[in-house]
Amino acid sequence: MSLDVRVEEIGEAELPPVEYRWDADTDILCAALRPAGVSEGLSGSMDIEGRDGAWLTLELTAGRLAAVEVAVWPDVRSVESLDPPSAAAAARLRVPSRGDGGPEALEVDTPIGAVADKAERTIHFRIGPSRAVRVLRVARDLLVEVDGRSRLAGLWFLNVPPFPSTP
């Protein structure tokens, strides 16, 4: 199963901010955004489970992405620097409802790969096999990758705050 999305291009000024939060006890990173406007579609969660036990959760409200949580981290490959794609059009993603419009929970089992810069301020998650993608900016510090069949293929977390240091 894959996560099919619909793309609606918007102006840069309409992009919501992202609030990153770390849970120091569990190593969970949450990227929360406040989608604007009226929409219809899936409300609930979409769990993407990697074959290595990695776990990403996408929270959806009325078909719009409201949060992404990295609940169990995949192995993260570190590189000296990681430059996100610069040509990312501003867009809203809508996830259509699959049922009667009530809350839904979906689970997808697929490979998840992660790469971060040395400072871990930029993190790229690849979802599923490597393939050609279009990059979209869905929030000021969050990019998504969508493949040619309008399926979610990746996420870019930008300007992630450092993990809280333990006293």
Side-chain angles (χ1 to χ4, degrees), residues 1-5 15-36 39 41-85 88 91-95 97-98 102-130 133 135-146 151-167:
M1 177 171 218
S2 61
L3 180 61
D4 297 323
V5 297
L15 290 171
V18 175
E19 178 187 336
Y20 288 108
R21 285 187 321 274
W22 282 102
D23 182 323
D25 293 333
T26 61
D27 291 350
I28 291 176
L29 173 62
C30 181
L33 47 144
R34 291 184 178 88
S39 182
L42 176 68
S43 285
S45 64
M46 170 73 173
D47 293 325
I48 303 169
E49 183 178 359
R51 295 191 177 119
D52 61 354
W55 200 249
L56 300 175
T57 299
L58 282 65
E59 292 295 331
L60 303 163
T61 302
R64 300 262 174 89
L65 184 61
V68 180
E69 219 175 66
V70 185
V72 179
W73 287 83
D75 288 336
V76 179
R77 185 170 53 94
S78 182
V79 295
E80 194 60 40
S81 68
L82 183 61
D83 295 323
R92 275 191 201 109
L93 295 185
R94 188 173 60 80
V95 180
S97 181
R98 288 170 166 63
E104 298 184 48
L106 301 172
E107 187 175 313
V108 175
D109 183 16
T110 190
I112 301 172
V115 178
D117 63 359
K118 284 240 186 264
E120 296 183 339
R121 303 264 302 147
T122 301
I123 306 169
H124 176 230
F125 294 96
R126 182 187 40 78
I127 300 168
S130 184
V133 296
V135 182
L136 304 165
R137 183 175 299 278
V138 297
R140 292 189 193 125
D141 288 322
L142 181 63
L143 307 177
V144 298
E145 296 173 332
V146 177
R151 296 177 302 190
L152 186 65
L155 299 161
W156 285 86
F157 288 9
L158 310 177
N159 299 312
V160 176
F163 185 80
S165 52
T166 52

Can you measure from CG (L142) to CG (L33) and round to the nearest 0.5 angstrom?
6.5 Å

To check you understand the geometry: which heavy-atom pair defines the closest contact between G53 and V72, and what is its length?
O-CG1, 3.2 Å

So D109 and R51, do their side chains get closer than 4.5 Å, heavy atoms only?
yes

Does L15 reach the side chain of V138, with side-chain heavy atoms less than 4.5 Å apart?
no

Donor-acceptor pair between E69 and W55 side chains, under 3.5 angstrom:
no

Compare every heavy atom of R137 with every heavy atom of A139, then report the nearest pair and how far apart it is.
O-CG, 3.0 Å

Could you go through S81 and D117, starting from their C-alpha distance and side-chain angles, then the distance that decides it, and tell me whether this counts as side chain to side chain donor-acceptor pair (under 3.5 Å)?
CA-CA 5 Å; S81 68; D117 63 359; over 6 Å; no

Please give me the minimum heavy-atom distance between I112 and G50, naming the atom from each residue.
CD1-N, 3.5 Å

If every non-hydrogen atom of W156 is compared with every non-hydrogen atom of L82, which pair is closest and at what distance?
CZ3-CG, 3.7 Å

Looking only at non-hydrogen atoms, find the nearest pair between W22 and P164 and report the distance.
CB-CD, 3.4 Å

For the CG atom on D75, are there more than 12 heavy atoms of other groups (residues, nucleotides or ligands in this structure) within a distance under 6.0 Å?
no

Gap between atom OG1 of T57 and atom CE of M46 - 0.5 Å precision
10.0 Å

Just so I know, are the side chains of L29 and F163 near enough to count as touching, which here means a heavy-atom distance under 4.5 Å?
no

Evaluate the side chain to side chain contact (heavy atoms under 4.5 Å, CB included) criterion for residues L65 and L93: first the C-alpha distance (whole Å), next the side-chain angles of each, then the deciding distance (0.1 Å), finally the verdict.
CA-CA 7 Å; L65 184 61; L93 295 185; 5.5 Å; no

How far apart are the C-alpha atoms of I123 and V70, what are their side-chain angles, what is the distance that settles it, and do they pass the side chain to side chain contact (heavy atoms under 4.5 Å, CB included) test?
CA-CA 11 Å; I123 306 169; V70 185; over 6 Å; no

Please round to the nearest 0.5 Å and tell me the distance separating atom OG1 of T122 and atom CG of N159.
6.5 Å

Would you check if V144 and V5 make a side-chain contact, meaning some heavy-atom pair closer than 4.5 Å?
no

Quick one: closest heavy-atom pair of A71 and I28, and the distance?
O-CG1, 3.7 Å

Surrounding CD of E59 (heavy atoms of other residues, nucleotides or ligands, distance under 6.0 Å), is the total greater than 12?
yes

L143 side, atom CG; H124 side, atom NE2 - distance, nearest 0.5 Å:
9.0 Å

For Y20 and D141, indicate whether the former's side chain and the latter's backbone hold a donor-acceptor pair under 3.5 Å.
yes

State, with a plain yes or no, whether a side-chain heavy atom of P162 is found less than 4.5 Å away from one of R121.
yes

Can you confirm whether V68 sits close enough to F125 that some side-chain heavy atom of one is under 4.5 Å from a side-chain heavy atom of the other?
no

